[in-house]
Structures are given as structure tokens and as C-alpha cells.
Amino acid sequence: MGMIKNYFMPNEYVQSIFQIDFQKLSASGVKGIVTDLDNTLVGWDEAAPTEAVKNWFDKARALGITVTIVSNNNEKRVGSFSKSLNVDYIFKAKKPRGRAFDRAAKSMQLDPSEIVVIGDQMLTDVFGGNRRGLFTIMVVPVKQTDGFITKFNRMIERRLLQHFRKKGYITWEEN
Ligand SMILES: [Mg+2]
């Protein structure tokens with residue numbers, strides 16, 4: 001059972017990316033963020049970053065935190081979104097596999113201990129980050145509508161959350 005926790009339990013859980021405290025992360029030695037795109041930064045069907053998302057990237061930059069967008073989506077989607085923000089990206093990342101996380105760490109020239117992973121899915125973002133020993137922050141998905149595979153993943157996610165709740169692992173506030 002400890003395995004399940006180690007793999008799927010995020011270190012933090014927040015309502016949205018805007019609740020993430022960059023100052024706190026920076027003070028604890030974080031220098032890089034690997035973030036998911038769809039339903040993490042914007043809804044899966046929103047093509048461009050919102051003003052709020054642009055400000056979020058500016059705030060990270062101002063604190064010297066490098067951000068890489070790592071997404072399982074295709075080059076067209078991830079490339080155009082990331083270029084409009086002027087940030088590095090990895091598309092078709094095949095999360096939860098670890099290679100994309102390794103590539104991001106290497107290109108940011110950072111140690112795993114200096115990187116935080118942000119994403120809305122336990123089975124791809126959190127699992128992938130945890131496997132690589134990275135600090136993981138899970139966010140509530142921006143949009144509730146999802147494709148078929150994601151729906152299936154969400155069902156498993158709910159089971160895992162139930163399990164963590166029962167075990168008393170969940171330390172964040174739920175509403
Ligand atoms: Mg996502």
C-alpha cells in the first residue's frame with residue numbers, strides 16, 4: 001500500500017495554478033517547473049494562454065524560476081501555446097514515462113531536487129513526477145469535460161483519492 005502512496009499521492013493539491021506560492025517554492029530552493037498544459041494551465045479546448053496565465057509565467061520568470069511545458073498532446077497544440085509564452089516545451093511526452101522529465105531537467109540544467117511538477121492528472125503528471133522523485137503539485141482540472149481515456153483515468157483517480165482519504169493521508173482542504 002505504501003507503493004500506491006509513493007506513486008500516486010501528490011505532495012500538494014491546489015484548486016488552481018494561481019494558488020501556487022512561487023515565493024515559497026523559490027525560498028525552498030525550487031528553480032524549475034515542469035507543467036502540464038491541458039486542463040492545468042487552461043481548458044483542454046482553449047487554444048491560447050489567458051492574461052492570467054501569461055502573468056503567472058511572468059511571475060515565475062521574475063523569481064528566476066524556469067518553466068518547461070511538458071504535455072502528452074501533439075506538436076501543433078503544445079508548440080503554438082508554448083511559443084506564445086516564449087517557453088520551452090516537450091510534446092508527445094508519454095507521461096507517466098520518465099524520459100520527458102529527464103529531458104526537461106537536462107535542458108533546464110537543474111537537479112531533480114530543484115524541480116516541481118504541476119498537473120491535473122494523478123495517473124500521468126503525479127505518477128510520472130513521483131517516479132522520478134520530483135515534488136508534485138496536483139491541480140483541480142480547469143474543465144470537467146474530458147476525452148474517453150481521461151474519463152477512465154478520472155475514475156481510477158477518484159478511487160485513489162478515496163483510498164488516501166481513508167488512510168488519512170490527505171492533508172489539504174477539500175470542498
Ligand atoms: Mg492535463
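Values below: every heavy atom of this structure, side chains too, minus hydrogens, waters and symmetry copies. If you're wondering where the values come from, they're calculated on a predicted model, not measured in any experiment. Counting convention: from 1, in listed order, for ligands and their atoms alike.
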**Message:** To the nearest 0.5 Å, what is the distance between CD1 on Ile118 and CD1 on Ile20?
**Reply:** 3.5 Å

**Message:** Just verifying a value: how many Å separate Tyr89 OH and Ser107 OG, rounded to the nearest 0.5 Å?
**Reply:** 12.5 Å

Using atom types as modelled, flag every donor-acceptor pair under 3.5 Å from a side chain in residues 62-70 to any protein atom, sequence neighbours excluded.
none

**Message:** Considering only residues two or more places apart or on different chains, which pairs with a residue in residues 91-119 satisfy ring-ring contact (aromatic ring centres under 6.0 Å, His included)?
**Reply:** none

Side-chain atoms of residues 29-43: list all donor-acceptor pairs with protein atoms under 3.5 Å, sequence neighbours left out, distances to 0.1 Å.
unit_1: Lys31; atom_1: NZ; unit_2: Glu114; atom_2: OE2; d: 3.1
unit_1: Asp36; atom_1: OD1; unit_2: Lys95; atom_2: NZ; d: 3.0
unit_1: Asp36; atom_1: OD2; unit_2: Thr40; atom_2: OG1; d: 2.7
unit_1: Asp38; atom_1: OD1; unit_2: Arg77; atom_2: NE; d: 2.9
unit_1: Asp38; atom_1: OD1; unit_2: Arg77; atom_2: NH2; d: 2.7
unit_1: Asp38; atom_1: OD2; unit_2: Asn73; atom_2: ND2; d: 2.8
unit_1: Asn39; atom_1: OD1; unit_2: Trp44; atom_2: N; d: 3.3
unit_1: Asn39; atom_1: OD1; unit_2: Lys143; atom_2: N; d: 3.1
unit_1: Asn39; atom_1: ND2; unit_2: Lys143; atom_2: O; d: 3.3
unit_1: Asn39; atom_1: ND2; unit_2: Asp146; atom_2: OD1; d: 3.0
unit_1: Thr40; atom_1: OG1; unit_2: Asp120; atom_2: N; d: 3.1
unit_1: Thr40; atom_1: OG1; unit_2: Asp120; atom_2: OD1; d: 3.0

**Asked** Parallel, tilted or perpendicular: which describes the rings of His163 and Tyr169, with under 30° parallel and over 60° perpendicular?
**Response** perpendicular

**Message:** Strictly under 2.8 Å, how many protein N, O or S atoms lie near the Mg ion (ligand 1)? Waters don't count.
**Reply:** 3

